[in-house]
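Just so it is clear, the values below take in all heavy atoms, side chains as well, and ignore hydrogens, waters and symmetry mates. Numbers restart at 1 for each chain; the letters A, B, ... are given by sequence-line order, proteins then strands.
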Amino acid sequence: MSQVRVRFAPSPTGYLHIGGVRTALFNWLFARREQGTFILRIEDTDQSRSTDEAIQAILDGMRWVGLDWDQGPFRQTERMDLYRHHALQLLDRQQAYWCVCTAEELDARRQEAQAQGGQQKYDGRCREKGILNPSGDAALRFRAPQAGQTIIEDLIKGRVVFDNAVLDDLIILRSNGYPTYNFSVVVDDALMGITHVIRGDDHLTNTPRQVPMFQALGFTVPQFGHLPMIMGSDKTRLSKRHGATSVLAYRDMGYLPEAMINYLVRLGWSSGDQEIFSIAELVEKFSFEHVQKSAAVFNPDKLLWVNAYHIRHGDPSRIVSLLMPFLEQKGFGQAVKTTPVGWMEQLVIMLRERARTLVEMAAAAEPYLMPEPTMEPEAVHKFLTPQMAPILETLAQRFNSDKVFSKETLEGIFKVLLEESGLKMGQLAQPVRVALTGRAVSPGIFEVIDLLGREATMMRLRRGIAVAQGVHS
RNA sequence: GUCCCCAUCGUCUAGCCUGGCCUAGGACGUCGGCCUUUCAAGCCGGCAACACGGGUUCAAAUCCCGUUGGGGACACCA
């Protein structure tokens, strides 16, 4: 049984795009499922566009979503000798030839052909020149087959047939000595023993160009699987216009990596009616059989829902640690450090029902992390009225004299007071809520009291009473 | 322009390969209700799709052909 070897091969020309993450994910899932090897390769042969920052962003993004690689990251610029060696080998075998047409000439001819509506491919004028030692700048071209067909048995699309007549004599070595994409991929995929090339279907038409190169080089042709693309709401290729497309932007917006993975995998893949998956479940269930052939529209609303689900059902201690950077950003770093872990977990459990992102959760956490939470003016105006002051005072006294200060006894105190005063639950709970949190919206009032504990509850209640009495309003 | 891919609710999809169980299922969103101390969460329900036209067949969302529509590729970018 031959071991599965797959790769993710991004070019470092910008941040890591979520479309790229999905491609990486499918490769990773397949590798893990088959207990194969997942390789990370950086395709940086375009010197003018590749940057070190982009490489860093790719690695950071991959690490954040948890797609760990078994080999690499390899950089193509460190493997130049390999490409040159194999290109020259093709030259020796006359499967490649030197072309002395300049980029400008080619450009002009292409435009002319386009104007006349003709085929936009290299006219082959250097094909039979037999140039052996080009004097000036020259590029090496692959002699592509012009007869017959190239047939791809795609893992996702099925059988795809191309007439070789449409094949161009691609440049494989630029005049600056650098290999071009279609050639370096072939050499690397072959040398790295890649068994399955899983990539976006924008590469489908590159496949018949690459297959003859594998053959000319004497390499085994790998299997191919072309994933449908992700599109924006207007059905055009997903780009910045549609919103954030960098994975790290989603991290910063408070999305969980597992939610990102869960959402992305469902974009083009399914397992019956199931919507929520753990990573382990995905590894167990993933297969190309259920990968969709058609493109999918990215839906931020559903991603948000998936994220909220994972926040609600995730391990609280994990959510606490993921939440930490957002709390630090708000200046609560110190406050949290001196807070017991168990208390933080309770806070998260209390807040998770109404937070769709970690950013929302951090905002909701504020009143509980500061000794004197800021009071929303409208909430104060509406609920902390002078006539509420005596009732709150009574409540405070009874709370204070309560021996155990537990959720149950406090609820009892509340009930008795409601009966005595004739107030409805909402009429009492809202003022208390504003006194304790400064807001008109919060988790259940007894949960809040329970989390705050006697001391903080009493302090805040007193402050609320003062506000209600008009000490400042 | 040439080549290639694709086509089920607004969106993600199940079903299609191996026609009948489909009055087309689920999810997001949306609308209405329940629950309720606010807001959520949860629960119940509504609206909403087989692109079109021909075949094949007793029977087609499912098979075949065409049309239309969408996407992708045609660089000394990847």
Side-chain angles (χ1 to χ4, degrees), chain A residues 9-13 43-46 48-50 99 101-103 106-107 110 113-122 137-141 152 154 156-158 160-163 165-168 170-176 178-182 184-185 200-209 226 228-229 231 233 235-237 263 266-276 289-290 292-306 308 312 351-356 364 379 383 414 418 424-430 432-434 437 439-446:
Chain A
S11 58
T13 54
E43 312 222 316
D44 58 348
T45 55
D46 183 353
S48 59
R49 297 201 305 154
S50 301
C99 171
C101 300
T102 65
L106 293 168
D107 212 41
R110 191 175 311 115
Q114 195 166 10
Q116 291 173 358
Q119 248 209 325
Q120 301 171 38
K121 80 181 223 189
Y122 178 61
D137 281 354
L140 196 63
R141 278 187 192 272
I152 320 290
D154 194 272
I156 294 159
K157 307 281 187 184
V160 184
V161 181
F162 295 87
D163 279 330
V166 304
L167 262 30
D168 210 344
L170 258 31
I171 287 179
I172 56 177
L173 226 48
R174 305 199 248 273
S175 51
N176 67 5
Y178 277 69
T180 53
Y181 165 76
N182 276 300
S184 54
V185 192
D201 71 10
D202 49 339
H203 286 293
L204 187 55
T205 50
N206 276 329
T207 312
R209 297 175 184 142
H226 288 92
M229 315 232 67
M231 298 189 296
S233 50
K235 306 242 180 171
T236 62
R237 206 180 178 137
Y263 176 70
R266 282 287 290 104
L267 221 48
W269 175 84
S270 61
S271 179
D273 284 340
Q274 192 170 347
E275 297 287 351
I276 300 296
E289 250 178 79
H290 290 98
Q292 200 81 1
K293 287 179 174 179
S294 51
V297 173
F298 182 77
N299 182 350
D301 280 339
K302 186 147 186 186
L303 169 60
L304 197 56
W305 175 80
V306 172
R312 257 181 278 128
L351 298 176
R352 63 185 180 182
E353 300 275 278
R354 48 221 108 202
R356 295 176 301 174
F383 298 111
F414 237 78
L418 287 181
K424 288 201 173 143
M425 185 58 176
Q427 293 174 293
L428 180 58
Q430 282 303 86
V432 172
R433 190 186 314 280
V434 177
T437 69
R439 304 176 181 188
V441 170
S442 84
I445 197 67
F446 298 113

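Remark: A:Thr205 pairs with no residue by the side chain to side chain donor-acceptor pair (under 3.5 Å) rule, at least two apart or across chains. With sequence neighbours excluded, no residue satisfies side chain to side chain donor-acceptor pair (under 3.5 Å) with A:Arg312. Every residue two or more places apart in sequence or in another chain was checked for a salt bridge (Lys or Arg N to Asp or Glu O under 4.0 Å) with A:Arg354, and none qualifies. A search for side chain to side chain donor-acceptor pair (under 3.5 Å) contacts involving A:Gln274 returns A:Glu281, A:Lys285, not counting sequence neighbours. Taking A:Thr437 as the reference, A:Pro367, A:Tyr368, A:Arg433, A:Arg439, A:Ser442, A:Val448 meet the side chain to side chain contact (heavy atoms under 4.5 Å, CB included) condition, with sequence neighbours excluded. For A:Tyr122, there are no side chain to side chain donor-acceptor pair (under 3.5 Å) partners, not counting sequence neighbours. Under the salt bridge (Lys or Arg N to Asp or Glu O under 4.0 Å) criterion, A:Asp202 pairs with A:Arg237, sequence neighbours left out.
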Interface polar pairs with nucleotides 61-69 of chain B, N/O, under 3.5 angstrom:
none

Could you list, one pair per line, each protein nitrogen or oxygen that sits under 3.5 Å from a nitrogen or oxygen of nucleotides 13-16 of chain B, together with the distance?
unit_1, atom_1, unit_2, atom_2, d
B:rU13, OP1, A:Gly268, N, 2.4
B:rU13, O3', A:Ser270, OG, 3.1
B:rA14, OP1, A:Ser270, OG, 2.7
B:rA14, OP2, A:Gln292, OE1, 3.0

Within the sub-3.5 Å range, which N or O atoms of nucleotides 50-52 of chain B have a protein N or O partner, and how far apart are they?
none

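For the pair A:Pro228 and A:Gln292, the tightest heavy-atom approach, listed with the atom from each and the gap, is CG-O, 3.1 Å. The shortest non-hydrogen separation linking A:Asn299 to A:Tyr263 is N-OH, 2.7 Å. For the residue pair A:Phe298 and A:Leu267, the shortest heavy atom distance occurs at CD1-CD2, 4.1 Å.
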In B/S/- notation (B base, S sugar-phosphate only, - none; protein heavy atoms under 4.0 Å), nucleotides 72-78 of chain B written 5' to 3' is BSSSBBB

Across nucleotides 33-49 of chain B, 5' to 3', mark each nucleotide with B, S or - according to how protein heavy atoms within less than 4.0 Å reach it.
----BBBBSS-------

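For the atom pair A:Ser184 OG and A:Ile172 CD1, the distance stands at 10.5 Å (nearest 0.5 Å). Here the straight-line distance linking atom OG1 of A:Thr180 with atom CG of A:Leu173 works out to 8.0 Å at 0.5 Å rounding.
Using the Watson-Crick or G-U wobble rule with both distances under 3.5 Å, B:rU37 pairs with nothing in any strand shown. Summarising the base pairing, B:rU68 is matched to B:rA7 through a Watson-Crick or G-U wobble pair whose two defining distances lie under 3.5 Å. For B:rU23, there is no paired nucleotide, since no Watson-Crick or G-U wobble pair has both relevant distances below 3.5 Å. In this structure B:rA49 sits in no base pair that meets the Watson-Crick or G-U test at under 3.5 Å. Searching all strands for a Watson-Crick or G-U wobble partner of B:rU2 with both distances below 3.5 Å returns B:rA73.
Counting heavy atoms from C-beta outward, A:Tyr181 and A:Asp46 have side chains that stay 4.5 Å or more apart. Side-chain contact between A:Thr207 and A:His226 is present, with heavy atoms from C-beta onward closer than 4.5 Å. The side-chain heavy atoms of A:Trp305 and A:Asp301, taken from C-beta on, include no pair separated by under 4.5 Å. Side chains of A:Asn182 and A:Asn206 form a contact here, defined as non-hydrogen atoms less than 4.5 Å apart. Inter-residue side-chain proximity for A:Leu167 and A:Pro208 is flagged as met; some heavy-atom pair is nearer than 4.5 Å.
For the P atoms, the distance from B:rA24 to B:rG32 is 25 Å, rounded to whole Å. As rounded to the nearest Å, B:rG20 and B:rA59 have C1' atoms that lie 6 Å from one another. Nucleotides B:rG72 and B:rU56, compared at atom P, are 38 Å apart to the nearest Å. When the C1' atom is used for both B:rC50 and B:rC4, the distance is 25 Å, rounded to whole Å. When the P atom is compared between B:rA14 and B:rC9, the two are found 13 Å apart, to the nearest whole Å. Taking the C1' atom of each, B:rA27 and B:rC65 are spaced 35 Å apart, rounded to whole Å. Here, B:rC3 and B:rC22 have their C1' atoms 38 Å apart, quoted to the whole Å. Going from the C1' atom of B:rA60 to that of B:rA73 covers 34 Å, rounded to whole Å.
Here B:rC28 presents its C1' atom at 13 Å from CZ of A:Phe298, a figure rounded to the nearest Å. Protein atom CD of A:Glu289 is 14 Å distant from nucleotide atom P of B:rU18, rounded to whole Å.
Under a cut-off of 6.0 angstrom, the local environment of CZ in A:Arg352 is crowded, with over 12 non-hydrogen atoms contributed by other residues, nucleotides or ligands.
Look at A:Lys293 and you'll find a side-chain N or O under 4.0 angstrom from OP1 or OP2 of B:rC6.
Projected onto RNA chain B by closest heavy-atom contact, A:Asp163 and A:Asn299 fall at different nucleotides, the more 5' of which corresponds to A:Asp163.
Residue A:Val432 is out of contact with every strand shown, counting any heavy-atom pair closer than 4.0 Å.
Looking at A:Glu275, its side chain comes within 3.5 Å of the base of B:rG26 through a donor and an acceptor atom.
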